[in-house]
Amino acid sequence: MRLGVNIDHVATVRQARRTFEPSPVFAALIAQQAGADQITLHLREDRRHIQDRDLELIKELVNIPVNLEMAPVEEMRQIALRVKPDRVTLVPERREEITTEGGLDVSSLMEHLREFIKPFKEEGIEVSFFVDPQIKQIEASKGVGADAVELHTGTFANLWNEHKFDQAEIELQRIREAAELARNLGLRVYAGHGLTYHNVKEIVKLSDVIEELNIGHSIVANAVIFGFERAVKEMINLIRSGK
Ligand code: PXP
């Protein structure tokens with residue numbers, strides 16, 4: 001399985017002060033250096049974390065594929081066609097949500113999506129839909145002409161985190177069946193959302209049908225904790241040395 005590292009929440013910390021640090025561009029380069037297979041980022045309509053300039057710089061500086069998550073709206077399409085990421089992942093977006101709360105309802109948006117993705121196909125940009133692991137969404141994604149689906153693992157992750165392991169197992173089977181159907185239809189299959197250092201081992205069991213995971217919050221959260229001691233010590237050194 002490949003790993004796409006989502007660096008959105010590095011930008012969330014920066015935007016808390018609207019300053020220059022920490023830089024998601026720097027984080028993307030470090031992720032690349034650490035062996036990530038892809039950089040994933042979500043340019044939201046409200047720009048709450050990633051900014052347009054971050055996307056431009058990341059596309060310019062990073063050598064691994066860039067996966068742009070975006071709502072299927074005209075403003076984002078124009079930006080994506082200008083910056084040309086390697087892949088666009090279409091996601092639903094509501095301003096009041098804390099994070100992407102469900103998959104894209106492809107089956108209700110088929111006509112819009114068929115037209116919307118045409119220029120990406122012409123430009124050779126891979127098109128993926130972020131969908132719930134439901135048969136009708138997989139079939140609709142194929143019907144519209146997507147190249148890939150990213151299966152929403154959020155429900156599984158929430159159940160597992162709450163120690164509802166029996167229900168989590170049922171959801172895992174749902175993800176497997178959706179992944180198998182998608183593969184049989186010729187779609188590439190990715191997954192993500194809510195995966196952590198604890199629950200990822202369950203999704204790794206699906207590595208025969210899922211080729212890539214996109215993980216963000218947990219990696220950023222752990223980076224803050226792993227790096228905290230060093231950061232405090234460096235500040236103490238600066239203060240005590242009187243410089
Ligand atoms: N995949 C998609 C389509 C997403 O929208 C997100 C969240 O931005 C992720 C993966 C990563 O989710 P998390 O931050 O919970 O790891």
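Start at 1 and go down the list; that is how both ligands and their atoms are numbered. These numbers come from a predicted model, not from an experiment. Sequential numbering from 1 along the given sequence is applied to the chain's residues.
- Note on ring orientation: taking the six-membered ring where Trp is involved, the planes of Phe226 and Tyr197 are perpendicular (angle over 60°, cut-offs 30° and 60°).
- Annotation for ligand 1: atoms under 4.0 Å from non-hydrogen atoms of Asp8 are 8 (O).
- When the heavy atoms of His217, Glu69, His42 are ranked by distance to atom 4 (C) of ligand 1, first place goes to Glu69.
- Between Gly194 and ligand 1, a contact under 3.5 Å exists for at least one N or O pair.
- Annotation: Gly216 places an N or O atom under 3.5 Å from an N or O atom of ligand 1; distance criterion only.
- For ligand 1, the atoms sitting less than 4.0 Å from at least one non-hydrogen atom of Glu150 are 1 (N), 2 (C), 3 (C), 10 (C), numbered in the order shown with element in parentheses.
- There is no side-chain donor-acceptor pair under 3.5 Å between Gln167 and Glu171.
- When the heavy-atom distances from atom 11 (C) of ligand 1 to Ile219, Leu41, Asn214 are ranked, the shortest goes to Asn214.
- Phe26 forms part of a hydrophobic cluster together with Ile30, judged by ILVMFWY side-chain heavy-atom separations under 4.5 Å.
- Every atom of ligand 1 is numbered from 1 in the order shown, and the set under 4.0 Å from a heavy atom of Val91 is 3 (C).
- Residue contacts with ligand 1 leave out Ser218, since none of its heavy atoms falls under 4.0 Å from the ligand.
- When the options Leu109, Thr89, Leu113 are evaluated for a side-chain contact (heavy atoms from CB on, under 4.5 Å) with Phe129, the one that passes is Leu113.
- Asn67 and Thr40 share a side-chain donor-acceptor pair at under 3.5 Å.
- Here the closest heavy-atom approach between residue Ala80 and residue Pro85 is recorded as O-CD, 3.3 Å.
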